[in-house]
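Bear in mind that the values here come from a model prediction, so they are computed numbers and not experimental data. The basis for the numbers below is simple: all heavy atoms, side chains too, and nothing from hydrogens, waters or symmetry mates. The sequence lines fix the lettering, A, B, ..., with proteins before strands; numbering per chain opens at 1.
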Protein chains: 2
Amino acid sequence: MIVSTAKGESERLNHEDDNDLNELLILFYFGYRTFTEKPNQMIEKYGIQRVHHRILFFIARIPGITVNELLTVLEVTKQALNQPLRQLTEKGFILHKTAEYDKRYKQLYLTDRGLNLEKELSKVQQEQMKTIFTKLGGNHREAWVDVMKELSSVRPGQKFFKDLFLTKTTKTNPNNK
Amino acid sequence: MIVSTAKGESERLNHEDDNDLNELLILFYFGYRTFTEKPNQMIEKYGIQRVHHRILFFIARIPGITVNELLTVLEVTKQALNQPLRQLTEKGFILHKTAEYDKRYKQLYLTDRGLNLEKELSKVQQEQMKTIFTKLGGNHREAWVDVMKELSSVRPGQKFFKDLFLTKTTKTNPNNK
DNA sequence: CCTATAAGTCAATCATATTGACCTAATTTT
DNA sequence: AAAATTAGGTCAATATGATTGACTTATAGG
């Protein structure tokens with residue numbers, strides 16, 4: 001059973017009797033909801049949603065990413081990306097420049113407004129997790145991250161992001177052309 | 001950066017230089033996708049989706065749960081639950097009995113077919129996570145579960161589930177009436 | 001010139017979910 | 001016994017996020 005404790009001492013629950021593995025779906029379903037709840041509330045007033053936050057997140061980490069690269073990272077179709085991208089542009093959170101090395105490519109960047117919002121959203125999520133890691137102490141952060149990385153690392157979008165990040169943040173020309 | 005490793009030895013990444021907290025959204029977004037991918041593929045052939053799996057999951061853990069209780073656990077409206085519930089009944093995965101203690105209540109149960117499917121789905125998810133926990137070793141499972149429980153425990157649906165589980169699995173009469 | 005690629009768009013459809021209104025049946029309250 | 005409440009169901013409209021498929025424009029390159 002998942003039982004929350006008020007006392008710090010009994011923080012570590014009985015992991016033997018208690019079959020952790022029987023309630024994995026609960027941990028992911030509710031965990032994900034908690035993780036996205038605050039950012040969702042914050043962006044609501046701008047008329048944007050989860051998908052827009054994800055887009056801001058990735059453009060923030062790979063400035064100059066192209067449309068095709070972004071949809072490969074997100075593992076969605078261009079039709080799914082097109083509208084939210086246009087909305088973010090209209091609302092002044094992102095801008096795009098035609099690539100000099102190839103005018104077919106559109107490179108995406110955050111505006112100051114976009115940078116500020118993305119920072120706020122990331123900050124809230126980071127502090128929420130930091131609070132938990134601090135409370136639990138020990139190697140909880142490292143262990144949790146290790147497990148989540150194992151899950152993430154098998155995704156094509158994550159792998160593509162990794163490669164992009166390594167090249168785009170170390171070279172001037174985004175496509176090595 | 002999130003970088004997967006092939007070598008077991010270098011499994012534990014550098015958590016100091018590497019700012020884990022800067023890529024939390026990636027861990028959740030891709031992690032959740034990996035966790036749900038296999039069950040999604042398995043249930044596709046029955047014409048059911050994620051929401052149906054969640055329903056099967058909770059009925060399996062609280063047999064005899066009523067419709068209102070279930071939608072409180074899932075944190076959705078009755079309109080959102082109604083159709084998938086009907087589909088699961090039509091496809092022979094669940095059945096409902098009118099409660100003897102109050103004929104307004106409909107108690108939900110899995111059929112043998114539903115029980116089998118739910119077991120298969122849970123098994124796949126459990127084995128996927130077990131593989132990771134075994135690979136990483138140490139206290140990775142306990143630590144990961146602790147963190148996810150912290151996130152989950154704040155949700156009203158999780159709290160309600162916890163209470164339901166404690167009463168429904170220890171008493172004959174589901175509503176203590 | 002031909003072909004491929006990047007980006008955009010239109011249309012139809014699906015899955016998931018919401019708010020709001022309204023209904024029936026059963027139970028509880030007054 | 002009548003009135004109010006509760007559990008469950010349903011209809012309609014709408015929103016969000018996504019898909020497949022078809023088609024267009026602009027650019028690049030052999």
Using the side-chain heavy atoms of [X], tell me which of these nucleotides is nearest: [options].
X      : options                : answer
B/V76  : C/dT18, D/dT27, C/dA7  : C/dT18
B/N82  : D/dT10, D/dA28, D/dG17 : D/dT10
A/R104 : D/dT6, D/dG8, C/dA6    : C/dA6

**Item:** Non-neighbouring partners of A/K78 that pass side-chain contact (heavy atoms from CB on, under 4.5 Å), sequence neighbours left out
**Value:** A/L71
**Prompt:** Got a sec, which residues hit side-chain contact (heavy atoms from CB on, under 4.5 Å) with A/Q126, two or more places apart in sequence or on another chain?
**Reply:** A/S122, B/L21, B/N22, B/L24
Whole angstrom value for the distance that separates [atom2] of [N] from [atom1] of [X]:
X      : N      : atom1 : atom2 : answer
B/E37  : D/dA18 : CD    : P     : 15 Å
A/L85  : D/dG17 : CG    : P     : 14 Å
B/Y101 : D/dT6  : OH    : P     : 16 Å
B/E100 : C/dT27 : CD    : C1'   : 17 Å
B/H52  : C/dA15 : NE2   : C1'   : 9 Å
A/Q83  : C/dA11 : CD    : C1'   : 13 Å
B/H96  : C/dA25 : NE2   : P     : 16 Å
A/Y105 : C/dA4  : OH    : P     : 15 Å

**Message:** Looking at D/dG8, I'd like to know if its phosphate oxygens (OP1 or OP2) sit under 4.0 Å from a side-chain N or O belonging to B/N68.
**Reply:** yes
**Prompt:** Counting just side-chain N and O atoms, does A/T77 come under 4.0 Å of either OP1 or OP2 of D/dT19?
**Reply:** yes
**Message:** Give me each pair satisfying ring-ring contact (aromatic ring centres under 6.0 Å, His included) with a member in residues 47-68 of chain B, each pair once, sequence neighbours excluded.
**Reply:** B/F58-B/F161
**Message:** Go nucleotide by nucleotide along DNA chain D from the 5' end; which of B/K78 and A/I48 gets its closest nucleotide reached first?
**Reply:** B/K78
**Message:** Need to verify one output field. Residue with the more 5' nearest nucleotide on DNA chain D, A/A99 or A/L81?
**Reply:** A/L81
Quick one: which protein N/O atoms are closer than 3.5 Å to N/O atoms of nucleotides 11-16 of chain D? Pair and distance per line, please.
{"unit_1": "D/dT16", "atom_1": "OP1", "unit_2": "A/Q49", "atom_2": "NE2", "d": "3.1"}

**Nearest non-hydrogen partners of B/A143 and A/A143, listed with the distance** = CB-CB, 3.5 Å
**Fill in**
For B/V76 and B/A80 the tightest heavy-atom approach is CB-CB, 4.1 Å
**Prompt:** Which is true for A/E75 with a 4.0 Å heavy-atom rule: it touches a base, it touches only sugar-phosphate, or it touches nothing?
**Reply:** sugar-phosphate
**Request:** Give A/K103 one of three labels, base, sugar-phosphate or nothing, depending on what nucleic acid heavy atoms sit under 4.0 Å from its own.
**Result:** sugar-phosphate
**Item:** Partners passing ring pair (Phe, Tyr, Trp, His ring centres under 6.0 Å) against B/F28 (at least two apart in sequence or in another chain)
**Value:** A/F35, A/W144
**Item:** Set of residues satisfying ring pair (Phe, Tyr, Trp, His ring centres under 6.0 Å) with respect to B/F93, sequence neighbours excluded
**Value:** B/Y46
